[in-house]
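Single-structure report; data block below.
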Amino acid sequence: MVQLNSLDRTFAALADSTRRGILARLADGPATIGELAEPTGMTLTGLKKHVQVLEDAGLVTTAKVGRSRECRLGTERLDDLMEWITLYQRLWERRLDGLEAYFTLNPESTPQKGQNNDE
């Protein structure tokens, strides 16, 4: 089963649009903190805090390269997140399949187009 602590960190990291933007940029290849900060207009310190959240979630790794800190996508490839999403996707698909089967077996229960069921 998926570790909830890991999921909490991943969802918290992905909840911010700046961090999602960082991940999108790193999908193109490694970048320094300065390169990541430049298009956002954010300070290096501010961007470092976002990178730290991503690093804590395992979504980004950093390494000192000369005087810069280089960021790369992490080894955590959202597998736990996808497992959790897939679990609920299957649950909803079963429910919707059951609803479809009900309406197939009971066509008189199917709301007609333009019909107001509140009357």
Side-chain angles (χ1 to χ4, degrees):
M1 185 65 185
V2 175
Q3 295 292 324
L4 289 182
N5 257 352
S6 172
L7 274 179
D8 291 344
R9 281 192 304 273
T10 302
F11 275 118
L14 295 173
D16 185 88
S17 63
T18 299
R19 292 191 284 268
R20 290 191 306 272
I22 291 168
L23 291 175
R25 166 53 188 87
L26 293 177
D28 293 335
T32 65
I33 297 285
E35 291 169 338
L36 294 171
E38 188 177 322
T40 67
M42 191 177 290
T43 65
L44 294 178
T45 304
L47 195 98
K48 282 180 191 176
K49 289 179 182 181
H50 284 289
V51 169
Q52 185 62 55
V53 172
L54 291 167
E55 197 168 21
D56 291 346
L59 300 173
V60 167
T61 60
T62 64
K64 190 85 165 150
V65 178
R67 295 177 59 184
S68 300
R69 182 152 292 277
E70 186 177 77
C71 305
R72 295 177 179 271
L73 287 178
T75 56
E76 176 64 40
R77 294 176 41 201
L78 304 178
D79 293 336
D80 287 347
L81 185 64
M82 287 307 299
E83 181 182 332
W84 186 85
I85 290 170
T86 300
L87 173 75
Y88 284 92
Q89 179 183 14
R90 282 191 224 123
L91 173 80
W92 279 103
E93 285 174 351
R94 280 194 303 267
R95 287 181 175 191
L96 291 173
D97 288 346
L99 187 61
E100 180 182 34
Y102 172 81
F103 284 123
T104 299
L105 295 172
N106 301 293
E108 68 280 354
S109 300
T110 305
Q112 300 300 313
K113 188 175 184 176
Q115 178 182 355
N116 186 349
N117 292 329
D118 294 337
E119 295 177 355

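For the single chain, residues carry numbers from 1 onward in sequence order.
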Starting from the C-alpha separation in whole Å, work towards a yes-or-no answer on side chain to side chain contact (heavy atoms under 4.5 Å, CB included) for Leu59 and Leu73.
CA-CA 6 Å; Leu59 300 173; Leu73 287 178; over 6 Å; no

Minimum side-chain heavy-atom gap [X]-[Y] below 4.5 Å:
X: Val65; Y: Thr32; answer: no
X: Thr86; Y: Arg90; answer: yes
X: Leu14; Y: Leu81; answer: yes

How many angstroms lie between atom [atom1] of [X] and atom [atom2] of [Y], to the nearest 0.5 angstrom?
X: Leu44; Y: Arg69; atom1: CG; atom2: CZ; answer: 12.5 Å
X: Lys49; Y: Thr43; atom1: NZ; atom2: OG1; answer: 7.5 Å
X: Ile22; Y: Ser17; atom1: CD1; atom2: OG; answer: 10.0 Å
X: Leu99; Y: Arg95; atom1: CG; atom2: CZ; answer: 11.0 Å
X: Leu23; Y: Arg25; atom1: CG; atom2: CZ; answer: 12.0 Å
X: Leu36; Y: Arg19; atom1: CG; atom2: CZ; answer: 13.5 Å

Does atom CD of Glu38 have more than 12 heavy-atom neighbours from other groups under 6.0 Å away?
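It does not: Glu38 CD has 12 such atoms or fewer within range.
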
Minimum heavy-atom distance between [X] and [Y], given as atom pair plus value:
X: Arg67; Y: Lys64; result: O-NZ, 3.7 Å
X: Met42; Y: Thr18; result: CE-CG2, 3.7 Å
X: Val60; Y: Val51; result: CG1-CG1, 4.2 Å

Applying a strict under-4.5 Å side-chain criterion to I, L, V, M, F, W and Y, I'd like to know whether [X] and [Y] cluster together.
X: Leu54; Y: Leu26; answer: yes
X: Tyr102; Y: Leu105; answer: no
X: Leu96; Y: Phe103; answer: no

So, Trp84 versus Tyr88, ring centres under 6.0 angstrom or not?
yes

Who pairs with Glu100 by side-chain hydrogen bond (donor to acceptor under 3.5 Å, both in side chains), at least two apart in sequence or on another chain?
none

